[in-house]
Amino acid sequence: MIRTEFTALVGCTAPIQLAGMGGMAAPPLVAAVSNAGALGMLGAVQMPPEVLGPVLGQIRSSTPQGRFGVNFLMPFLDLQSVELAAAHADVVEFFYDRPTAALVRRVHAGGALACWQVGSPEEAREAMDAGCDFIVAQGVESGGHVRGTMPLLLLLERIVAFASIPVLAAGGVATGSGLAAALAAGAAGVRIGTRFLAATESVAHPEYIDALIRANAADTVLTTAFSEGWPDAPHRVLRSCVAAAEQHQGAVVGSLRIGGNETAVARFHVSPPDESARGNVAAMCMYAGQSVESVSRREPAADIVRDLVARAEQRLRAAGKSLD
């Protein structure tokens, strides 16, 4: 166990937050991470209240003692869903716009903690001023959509210099040594997505997981290629999926099952391939951070959490650091 301001605030035993990956951070993975003592996060992009409500109930019943949160992307925000999440989850998190006090007040009114993922020191100050309980500093090494342009350690150094609330580090972290380094640099925990994509509870398509296992950091690229559905928002993906989409003939690469219906996936659409994907899966959007080279096999989420904490403890003890 590693105690930090983050674990004390949220009630976790591990200073780890699952990234709220839209389409990938689904109930089985969220519950598994939460039950392992970390903070599971549901990716609730474009989930209306009538869909989100049952999902929140499913997660809570699967992890009655664990802590979990809900991630919202600002360009697709539904205020009713935010209020529903605040009433049933422990944390509500926002990403990809300037922090606003009005949203934070809505979250607090529902009884949840409020978090904002930021890409710059300026946004971090705004999140603090808005009343957030903790923030996530996202480095440019991150997979998925990327808000900032600074390397994680530089961004973290600048933010922790003035932050009066816990700061989590996101971007390129997937190992115990990375967790230890982030804590030593002043973070209160880390946010991890890419490594959890290969968890046995992940809903990622097997072809997607295989591509992650084969890849290294140089096999990712920060691009705006997959802008269908979310124009001009930079994101880090595997180079291979960009090449496959460029080579694909036709406007549609395949389909996903969404809400019980088969839905066509346009070429260069933002949606990643889950296990329902059909068609040219290799040409679908495969988000991955520079930490991808640490993804070597499928393993339970609980084993990932235990490995991260155990190895971080070893590093911190060897350096004479306190775990409290």
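The minimum heavy-atom distance linking Val173 with Leu179 is given by the pair CG1-N, 3.9 Å. Contact detail for Asn35 and Ser62: the closest heavy-atom pair is ND2-O, 3.0 Å. Residues Ala112 and Val92 approach most closely at CB-CG2, 4.1 Å, considering heavy atoms. Contact record, Gly69 with Ala89: CA-CB, 4.2 Å, taken as the closest heavy-atom pair. When every heavy atom of Ala25 is checked against every heavy atom of Leu18, the shortest pair comes out as CB-CD2, 4.2 Å. Pairing each heavy atom of Val10 with each of Leu39, the nearest pair is CG1-CD1, 3.9 Å.
A salt bridge is absent between Asp129 and Arg125; no separation between the charged side-chain nitrogens and carboxylate oxygens falls under 4.0 Å. We find that Glu262 and Arg278 are not joined by a salt bridge, their nearest charged nitrogen and carboxylate oxygen being 4.0 Å or further apart. Classification of Glu122 and Arg158 as a salt-bridged pair fails, no side-chain N sitting under 4.0 Å from a carboxylate O. Between Arg267 and Glu228, none of the side-chain N atoms (NZ, or NE/NH1/NH2) sits under 4.0 Å from a carboxylate O, so this pair counts as no salt bridge. For the pair Arg298 and Asp303, the salt-bridge criterion is not met [side-chain N within less than 4.0 Å of a carboxylate O].
Going from atom CG of Leu73 over to atom CD of Glu93 covers 9.0 Å, rounded to the nearest 0.5 Å. Within the model, atoms CG of Leu308 and CD1 of Ile192 stand 4.5 Å from one another, a figure rounded to the nearest 0.5 Å. Between Glu207 atom CD and Asn280 atom CG the span is 7.5 Å, to the nearest 0.5 Å. Note: Ile16 CD1 to Phe196 CZ = 6.0 Å, rounded to the nearest 0.5 Å. One finds the OG atom of Ser81 at 9.0 Å from the CE atom of Met47 (value rounded to the nearest 0.5 Å). Interatomic distance, Leu168 CG to Glu5 CD, rounded to the nearest 0.5 Å: 10.5 Å.
Distance alone, capped at 3.5 Å, is enough to place a donor-acceptor pair between the Glu201 side chain and the Ala301 backbone. A distance-only check finds a donor-acceptor pair linking the side chain of Ser34 to the backbone of Gly40 [under 3.5 Å]. Judged purely by atom type and a 3.5 angstrom limit, Arg195 uses its side chain to pair as donor or acceptor with the backbone of Ala174. The closest donor-acceptor contact from the side chain of Trp116 to the backbone of Arg98 lies at 3.5 Å or more, if one exists at all. Using modelled atom types, one side-chain atom of Asp90 and one backbone atom of Phe68 make a donor-acceptor pair closer than 3.5 Å. In this structure a side-chain-to-backbone donor-acceptor pair under 3.5 Å is missing from Thr63 to Arg60.
Residues Pro75 and Asp97 form no side-chain contact, since every pair of their non-hydrogen atoms from C-beta on lies 4.5 Å or further apart. No side-chain heavy atom of Arg67 sits under 4.5 Å from any side-chain heavy atom of Val91. Between Ile159 and Val118 the shortest side-chain heavy-atom distance falls below 4.5 Å. Considering only heavy atoms from C-beta on, Cys115 comes within 4.5 Å of Val136 through its side chain.
Atom CD of Glu50 has more than 12 neighbouring heavy atoms from other residues, nucleotides or ligands inside a 6.0 Å radius. Atom CD of Glu126 is surrounded by more than 12 heavy atoms from other residues, nucleotides or ligands within 6.0 Å. Sparse packing is recorded around CZ of Arg315, with 12 or fewer heavy atoms of other residues, nucleotides or ligands lying under 6.0 Å away. Surrounding CD of Gln80 are at most 12 heavy atoms belonging to other residues, nucleotides or ligands under 6.0 Å away.
For the side chain to side chain contact (heavy atoms under 4.5 Å, CB included) criterion with Gln117, the lone passing option out of Gln138, Arg147, Gln17 is Gln138.
Using a 4.5 Å cut-off between side-chain heavy atoms of Ile, Leu, Val, Met, Phe, Trp and Tyr, with links allowed through other members, Ile165 and Leu183 fall into the same hydrophobic cluster. A continuous path of ILVMFWY side-chain contacts below 4.5 Å connects Met21 to Val221, so both sit in one hydrophobic cluster. The hydrophobic clustering, which links ILVMFWY residues whose side-chain heavy atoms are closer than 4.5 Å, places Val146 and Val45 apart. Hydrophobic clustering (ILVMFWY, side-chain heavy atoms < 4.5 Å, transitive): Leu42 and Val51 are in one cluster. No single ILVMFWY cluster, assembled from side-chain heavy atoms under 4.5 Å apart, contains both Val190 and Val140.
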Can you list the steps and then say if Thr175 with Asp307 is a side-chain contact (heavy atoms from CB on, under 4.5 Å)? CA-CA 8 Å; Thr175 64; Asp307 177 69; over 6 Å; no

Might you work through the side-chain contact (heavy atoms from CB on, under 4.5 Å) test for Tyr287 and His145, ending with a clear yes or no? CA-CA 8 Å; Tyr287 299 112; His145 285 85; 3.2 Å; yes

Derivation and outcome, ring pair (Phe, Tyr, Trp, His ring centres under 6.0 Å), residues Trp230 and His235: CA-CA 11 Å; Trp230 190 354; His235 44 272; 8.4 Å; no

Working note: Val70 + His88, criterion side-chain contact (heavy atoms from CB on, under 4.5 Å); need CA distance, chi angles, decisive distance, verdict. CA-CA 10 Å; Val70 181; His88 293 87; over 6 Å; no

Begin from the C-alpha positions of Thr100 and Phe94 and carry the test side-chain contact (heavy atoms from CB on, under 4.5 Å) through to its verdict. CA-CA 10 Å; Thr100 64; Phe94 303 98; over 6 Å; no

Salt bridge (charged side-chain N to carboxylate O under 4.0 Å, His left out) for Arg214 and Asp210? Distances and angles first, verdict last. CA-CA 6 Å; Arg214 294 194 305 269; Asp210 288 344; 5.1 Å; no

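Using modelled atom types, one finds a donor on one side chain and an acceptor on the other under 3.5 Å when comparing Arg236 with Thr220. For the residue pair Thr263 / Asn261, no side-chain donor-acceptor distance below 3.5 Å is found, with atom types taken as modelled. Side-chain contact of Asp232 with Ser227: a donor-acceptor pair under 3.5 Å is absent, judged by distance alone.
Every residue two or more places apart in sequence or in another chain was checked for a ring-ring contact (aromatic ring centres under 6.0 Å, His included) with Tyr208, and none qualifies.
Among pairs with a residue in residues 240-273, those fulfilling ring-ring contact (aromatic ring centres under 6.0 Å, His included) read Phe226-Phe268, at least two apart in sequence or across chains.
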